[in-house]
> 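Let me give you the structure first, and then I'll get to my questions.
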Amino acid sequence: MTTPLNAESAPATSNRSATPIILDSNGYAGTGEREQSPLLDGLNPQQKEAVKYRGQALLIIAGAGSGKTSVLTRRVASLLETRDAWPSQILAITFTNKAAAEMRERVHAILGQGSDGMWISTFHSSCVRILRREAEKIGLSSTFSIYDSADTKVTLKRIIKGLDADTYGFTPGSAGAKISKLKNELADADSYARNANMSDPQEVMFVEIFRQYSARLRAASALDFDDLIGETVYLFRAFPKVAALYRRRFRHLLVDEYQDTNHAQYALVHELTRPVTAELAQEMEDDGVHVRNLRDATGAIPGASLTVVGDSDQSIYAFRGADTRNISGFERDYPGAKVILLEQNYRSTQNILSAANAVIGHNFDRTDKKLWSAGGDGEKIVGFTAYSGHDEAQFVSDEIQVLHAAGMAYRDMAVFYRTNAQTRALEEILVRSATPYRVVGGTKFYERAEIKDALAYLIAVANPVDELALRRILNTPKRGIGPATETGLSSFADDNELTFRQAMRNSAALGLGPKVTGAILKLAELLDAAALMLVPTSVTDDGVPVGGSNDGAANVSEVLEFLLSGSGLLAVLRNSRDPQDEVRAENIEELVAQTKDFNKENPDGGLVDFLTQVSLVAAADDLDDASGTVSLMTLHTAKGLEYEAVFLTGVEEGLLPHQMSANEPGGPAEERRLFYVGITRARKRLYLSLAMTRAQFGDINVAMPSRYLQEIPADLIDWKQSPGMANSRGGTQPRALNARRDGGFGGFGNSLSGSGSSDGFGGRSRQQTGLPPGKPKTEWANKITGTVRDNGSLELTAGDRIRHHDFGEGRVNQVTGEGTKRIAHVQFDTAGAKKLLIKIAPIEKI
DNA sequence: GATAAATAGTTTTTT
DNA sequence: ACTATTTATC
């Protein structure tokens, strides 16, 4: 979000009168001019059609790498160029703010001036923008707070505690997930209660939690992420006249990543593209809203034209309520819709695409789509089976160095993984090898406690009724206000129908000690003083700020600095002896710097705009293309991005597909799509790696190769270290069916526990690192014996002597662990003390 | 009310 | 393994 929310006039008052949207009977308004437009240069016939088509509804099925962003951008530019739309009549919805910024930039680059007034933003940003304008209509303050999942969790925790609902098995997480799911279906506590089985005490309890949660948010004038969509839909349904203003304004709606829309988003799109009835249009005209040239023969305003772009094979957000039926049912929802299929891929080599096609082909119930490339086969996919997560990280790090030495920039490489927890091992190794990297997403800046503290001060100023923010800062920094005082204030507020903030001002009535009372009053005064700084000096008689900006009012950074010095938050961290507080102080200073940047970029932006921007940043938003670092991210974050070289790590059962997806209906299929998304991010080089063992919850688990690896034709993968024939339980099932069997590929053990590394389980042999990619396979084949390494039920006890393939002879001091995780603590005669996983270590009893 | 020690829960993905 | 939260003690 780079444009301030309040930077433009409301649609109702827009004075654009000429409204060049009208189509001829074919949906084309004179194609001659468009045919020659440079906008179509370099596009294939399908892409051209997607840019040129004019009609009510257009579905673009865009396979991965099929130039979808370019088509969407050019389509927007084309709408403007052919005068089918004014900029202000276009609403383009993207998945991330970064994608929105990119699109805005590209449209601007094509057209120069004239793209102002377009709304290009995410679902959530657009909804916030609408809701801030119309807040009073649905009983909200226009400065409403936006609760993130952590805020939701804290709120639910208090509710569950108050209800003793944990005895029914409710946790903030479980209740929150259920509430979110319901809100995505546009349900509320009441509508849920009507259909719930109220003879089930657990259901009764859940309804009560849901009710209280909704009530608390309302009292705090706060909305959670799901509310942003749901409340906008509610606004449009409950206030047809409000809806009509937006339907009148947005004549062209474009939605990217349509396969990942949930029901609430689907409903929102539907509300925005409905026609305005003749009666309502007449009413608008009578009210002085300019609608005449939009009205058709019956006097109604036809629904806006809708373009959606998506690919059901890349739907990976079902857990968040995404429903691919939105895309598969598009032609039913919008009769007469045009469907365009983009199958030519401009991103990846044919080898990568063939692998992707093979994998996704295993999903049934999909319309077959085959990506193809004119760019040649390219290099083979590289496979690698590591001994441990660390070993895998070492492989990734080594290969990154090889690629870099061969001339590839760090910024063109990315490492993907299924879970954020996998970053730890990768980071450790990358730091050690001095590889510049950056973790995209993960623990985000704005989620750090000290940043949330500082932001809570700002929120408390912007939205004084937000109890959550106030309670967060009540004793931060420490001012001697403990939990007893906090709950005392809270119930004092409830009993006297005051807001928490009012209770603070009246805290003298609580009969607390003079010290505590003084501290509370001082904080309340500080917040009041900060609020005064924001009151604009130049206002009209009826209190409306002149010029739509806070002329004369303090800007965000001034308010923040005032609050920081007034509260002592920064000073306390600076003077602390805890070394971590130094980092925290730096983070807060970084936040101050960000507010200054914000002031510069958004001269008209106010405190609320800043807080909104902060609330809605997505993981991929902080990706800096010019950073010159390797990017690390989850497969989910990777969607929509592309890199020269991609390392897809942790391709193991239990991780990809993830354990937790096994019970979910459609889980394995969604995990397969996730794998597919990861594969199709790669332009030239793709590395698939897995680890035989992986540390989790502090102990080591044996992992099997992912079932999805078997779905890739064997001749597409060049296994540098094959999963081979090693068995995990001494059986005869191959670990991966597509493993190369020629050339003597074999088990893990012998080849993997070469040099002994700091993890104590033996490290990977180094012989394959540092070699240029694409060396003949025989290099490895010769070094790996065909023996299968599996010690099965080898029994060892303290005192046994063993012989290790690399470390020589040693004595077992101790055996710990159970089953496949049994670990021998061995004192080697020459190699020192090692811990070995008995099952797979290259050892024998002597 | 603040510190230290013990314990529980965490890791699926995110706007 | 790590962190966050709760509990014991001063």
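Chain A is the first sequence line, chain B the second, and so forth, proteins listed ahead of strands; every chain is numbered from 1.
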> Measure from CZ on A/Phe416 to C1' on B/dT12 and round the result to the nearest Å.
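Rounded to the whole Å, the gap is 17 Å.
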
> Quick check for you: among B/dA2, B/dT15, B/dT12, whose closest atom lies nearest to any side-chain atom of A/Lys478?
B/dA2

> Using the rule for Phe, Tyr, His and the six-membered ring of Trp, do A/Tyr317 and B/dT14 stack at under 5.5 Å and under 30°?
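A/Tyr317 vs B/dT14: stacking no.
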
> Taking only side-chain N and O atoms of A/Thr634, does any of them lie within less than 4.0 angstrom of OP1 or OP2 on B/dT12?
no

> Provide, to the nearest angstrom, the distance between the CZ atom belonging to A/Arg479 and the P atom belonging to B/dA2.
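Taking CZ of A/Arg479 and P of B/dA2, I get 12 Å after rounding.
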
> Let's see if you can work this out: which of B/dT15, B/dT13, B/dA2 has an atom nearest to the side-chain heavy atoms of A/Thr419?
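Closest of the options to the side chain of A/Thr419: B/dT13.
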
> State whether A/Glu671 and A/Arg418 are salt-bridged, where the test is any N-O pair (Lys NZ or Arg NE/NH1/NH2 against Asp/Glu carboxylate O) under 4.0 Å.
yes

> Measure the distance from NE2 on A/His390 to P on C/dA1 and round it to the nearest whole Å.
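Distance, rounded to whole Å: 11 Å.
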
> Can A/Asp311 and A/Gln314 be counted as having a side-chain donor-acceptor contact under 3.5 angstrom?
yes

> Could you write nucleotides 2-7 of chain C as a row of B, S and -, 5' to 3', where a protein heavy atom under 4.0 Å of any base atom gives B, of only sugar-phosphate atoms gives S, and otherwise -?
S--SS-

> For B/dT15 and A/Ser125 - does any side-chain N or O of the residue sit under 4.0 Å from the phosphate oxygens OP1/OP2?
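No, no such contact exists.
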
> Less than 4.0 angstrom between a side-chain N/O of A/Asn420 and OP1 or OP2 of B/dT14, yes or no?
yes

> On DNA chain B, check which nucleotide each of A/Phe123 and A/Ser661 is closest to and give me the residue with the more 5' one.
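Looking at DNA chain B, the more 5' nearest nucleotide goes with A/Ser661.
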
> Expressed as a whole number of angstroms, how long is the span from A/Asn701:CG to B/dT11:P?
16 Å

> Given atom CG of A/Leu655 and atom C1' of B/dT12, what is their separation to the nearest angstrom?
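Atom CG in A/Leu655 sits about 9 Å away from atom C1' in B/dT12.
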
> Select one nucleotide: of B/dG1, B/dA2, B/dT14, the one nearest the side-chain heavy atoms of A/Thr485.
B/dG1

> When you match A/Ile481 and A/Arg320 each to their closest nucleotide on DNA chain B, which lands nearer the 5' end?
A/Ile481

> Could you give the distance separating C/dA4 and B/dT13 at their P atoms, to the nearest angstrom?
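Rounded to whole Å, the distance is 16 Å.
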
> So, do A/His362 and A/Tyr708 have ring centers that fall under 6.0 Å from each other?
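No, the ring of A/His362 stays outside the 6.0 Å limit from the ring of A/Tyr708, centre to centre.
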
> Among side-chain atoms of A/Gln259 and A/Ser312, is any donor-acceptor pair under 3.5 angstrom?
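On atom types as modelled, these side chains do not qualify, holding no pair under 3.5 Å.
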
> Rounded off to whole Å, could you give me the CE-to-P distance for the A/Met660 and B/dT11 pair?
9 Å

> Do A/Ser126 and A/Ser121 have side-chain N/O donor and acceptor atoms under 3.5 Å apart?
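On atom types as modelled, these side chains qualify, holding a pair under 3.5 Å.
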
> Quick test of your reading of the model: are A/Glu642 and A/Lys68 salt-bridged, counting only N-O distances below 4.0 Å?
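Answer for the salt bridge query: no.
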
> Determine whether a donor-acceptor pair (one donor, one acceptor, N or O, separation below 3.5 Å) exists between the side chain of A/His658 and the base of B/dT12.
no

> Rounded off to whole Å, could you give me the CZ-to-C1' distance for the A/Arg694 and B/dT11 pair?
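Nearest whole value for this atom pair: 13 Å.
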
> So how far is it from A/Leu632 CG to A/Phe647 CZ, rounded to the nearest 0.5 Å?
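So the CG of A/Leu632 and the CZ of A/Phe647 are separated by 10.5 Å.
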
> Given atom CD1 of A/Ile179 and atom P of B/dT15, what is their separation to the nearest angstrom?
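Answer to the nearest Å: 20 Å.
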
> Can you find a side-chain donor-acceptor pair between A/Asn363 and A/Arg672 that sits under 3.5 Å?
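A/Arg672 and A/Asn363 do have a side-chain donor-acceptor pair below 3.5 Å.
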
